[in-house]
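One structure is given here, and the rest of the page talks about it.
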Amino acid sequence: MSTAHMLPTGYRVHSRTQETTDTVTVTLTPTTAVPKTPVLPGQFMMLYAHGVGEVAISVSDAPRGDLGVLVHTVRSVGAVSRALHDTPVGAVVGVRGPFGHGWNLHPGGRDLVVVAGGVGLAPLRPVIGSVLAERDRFRRVTVIVGARSPSNILFGAELAAWQAREDLDVELTIDQPVSGWTGAVGFVTESLHRINIDPARTTALLCGPEPMMRFSARVLLDRGVPATDIQVSLERNMQCGVGVCGHCQLGELLLCRDGPVVDFATAEPLLRVPEL
């Protein structure tokens, strides 16, 4: 097993962008020479805040041309993520990885439906970038982004650029009406009911709170999309990243090794079990 998977490598915070009041996107560059290992959309790294601890964070961009650069979007929800969120430009964090399986876009010529809830847009952002870089590979591409309120929406300028494209259908929706908001109001499942879907030629990618993914997958199943063509990104307590410690176990899966992206045919019976 490579050292990159067991011992953290120093990465310096090159830049940081405040996305919301509790979420920041950081660009990391290695402090020493590192293997030029491509990080695939949907994979994650273990980020270490010195003196605090380590946490799994998905990549939120895949810069082309420099495989040593990492981009992560971190929401401050606990001691480690708070420390990483607050790390200033120039400081060093530890990095291990990449780990896990990323999004599977299958052969070309299919429709793509991307559904993101809250910070779940971050792991989907690099796959959308990859799709747009090879837009001719796909037929219709639909992106549905849900958030509690406009202030919780990530990557605002990038979303506006996506909405301006004629080869991409993008819908932003918030949970409750807010003064000044002119977009859709409601859950992402309502948007899924509205869009055109060719079930035999659709690949769906879902990331967000677990209930959101389960309800969204159910809408897609009811519309005829096979469970094997619906992918979800699952989150558990990932600690080692290499399938040894067992903290991320979900039934027979070790999500750091067998996930975090799995098809819904595999995930659905496991997610049905309370507190599994």
Side-chain angles (χ1 to χ4, degrees), residues 1-16 24-50 53-75 80-81 84-85 87 92-106 114 116 119-131 133-134 154 205-207 231-250 253-263 266-267:
M1 188 173 296
S2 71
T3 302
H5 287 77
M6 297 304 295
L7 299 175
T9 298
Y11 274 70
R12 195 174 307 279
V13 178
H14 180 265
S15 65
R16 43 180 285 130
V24 66
T25 295
V26 294
T27 301
L28 306 175
T29 55
T31 58
T32 59
V34 295
K36 300 298 185 181
T37 303
V39 182
L40 304 177
Q43 288 188 304
F44 68 94
M45 312 293 285
M46 298 297 298
L47 301 187
Y48 174 69
H50 292 283
E54 193 177 46
V55 68
I57 304 289
S58 297
V59 296
S60 62
D61 199 4
R64 294 163 183 83
D66 188 347
L67 298 180
V69 174
L70 299 174
V71 180
H72 293 274
T73 299
V74 182
R75 184 183 176 202
V80 181
S81 59
L84 292 168
H85 173 280
T87 302
V92 175
V93 300
V95 175
R96 292 193 296 126
F99 298 111
H101 294 280
W103 305 102
N104 182 358
L105 295 180
H106 301 299
V114 177
V119 76
L121 179 58
L124 286 164
R125 181 192 186 199
V127 79
I128 297 170
S130 297
V131 168
E134 300 180 288
L154 304 179
L205 313 180
L206 316 179
C207 189
Q231 299 170 43
V232 295
S233 181
L234 299 178
E235 182 180 336
R236 287 297 187 272
N237 182 17
M238 299 179 186
Q239 293 192 11
C240 71
V242 292
V244 173
C245 74
H247 284 88
C248 67
Q249 185 170 5
L250 178 66
L253 302 179
L254 292 171
L255 290 178
C256 69
R257 181 193 67 193
D258 304 318
V261 177
V262 298
D263 65 55
T266 300

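Along the sequence shown, residues are numbered consecutively beginning with 1.
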Main-chain N/O of [Y] paired to [X] side chain as donor or acceptor, under 3.5 Å:
X: Arg96; Y: Cys240; result: yes
X: Thr73; Y: Ser60; result: no
X: Trp103; Y: Pro126; result: no

With His50 via ring-ring contact (aromatic ring centres under 6.0 Å, His included) - residues at least two apart: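 Only Tyr48 meet the ring-ring contact (aromatic ring centres under 6.0 Å, His included) criterion with His50.
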
If I take atom [atom1] from residue [X] and atom [atom2] from residue [Y], how far apart are they, to the nearest 0.5 angstrom?
X: Arg236; Y: Leu250; atom1: CZ; atom2: CG; answer: 4.5 Å
X: Thr266; Y: Asp258; atom1: OG1; atom2: CG; answer: 9.5 Å
X: Leu254; Y: Met238; atom1: CG; atom2: CE; answer: 10.0 Å
X: Leu234; Y: Gln231; atom1: CG; atom2: CD; answer: 11.5 Å
X: Phe99; Y: Met45; atom1: CZ; atom2: CE; answer: 7.0 Å
X: Leu47; Y: Tyr11; atom1: CG; atom2: OH; answer: 10.5 Å

[X] versus [Y], closest heavy-atom pair with distance:
X: Val55; Y: Leu84; answer: CG1-CD1, 3.5 Å
X: Cys256; Y: Gly243; answer: SG-N, 3.1 Å
X: Gly100; Y: Pro260; answer: CA-CD, 4.1 Å
X: His101; Y: Gln43; answer: C-CG, 4.4 Å
X: Pro123; Y: Cys207; answer: CG-SG, 3.8 Å

Begin with the C-alpha distance, continue with both residues' side-chain angles, and end with the deciding distance and a verdict on side-chain contact (heavy atoms from CB on, under 4.5 Å) for Ser233 and Phe44. CA-CA 11 Å; Ser233 181; Phe44 68 94; over 6 Å; no

Return the set of residues passing side-chain hydrogen bond (donor to acceptor under 3.5 Å, both in side chains) with Asn104 (not counting sequence neighbours), or none when no residue passes.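 side-chain hydrogen bond (donor to acceptor under 3.5 Å, both in side chains) list for Asn104, sorted by chain: empty.
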
Evaluate the side-chain contact (heavy atoms from CB on, under 4.5 Å) criterion for residues Val232 and Val261: first the C-alpha distance (whole Å), next the side-chain angles of each, then the deciding distance (0.1 Å), finally the verdict. CA-CA 6 Å; Val232 295; Val261 177; over 6 Å; no

Is any side-chain heavy atom of Val13 closer than 4.5 Å to one of Leu28? yes

For residues Arg125 and Val71, determine if any side-chain heavy atom of one lies less than 4.5 Å from a side-chain heavy atom of the other. yes

More than 12 heavy atoms of other groups within 6.0 Å of Glu235 CD: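 No, because the 6.0 Å sphere around CD of Glu235 holds 12 heavy atoms or fewer from other groups.
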
Check against side-chain contact (heavy atoms from CB on, under 4.5 Å), Leu40 and Val59: CA-CA 8 Å; Leu40 304 177; Val59 296; over 6 Å; no

Show your working on side-chain contact (heavy atoms from CB on, under 4.5 Å) between His72 and Val95 and close with a plain yes or no. CA-CA 11 Å; His72 293 274; Val95 175; 5.6 Å; no

Can you tell which of His14, His85, Arg16 makes a side-chain contact (heavy atoms from CB on, under 4.5 Å) with Val26? Arg16

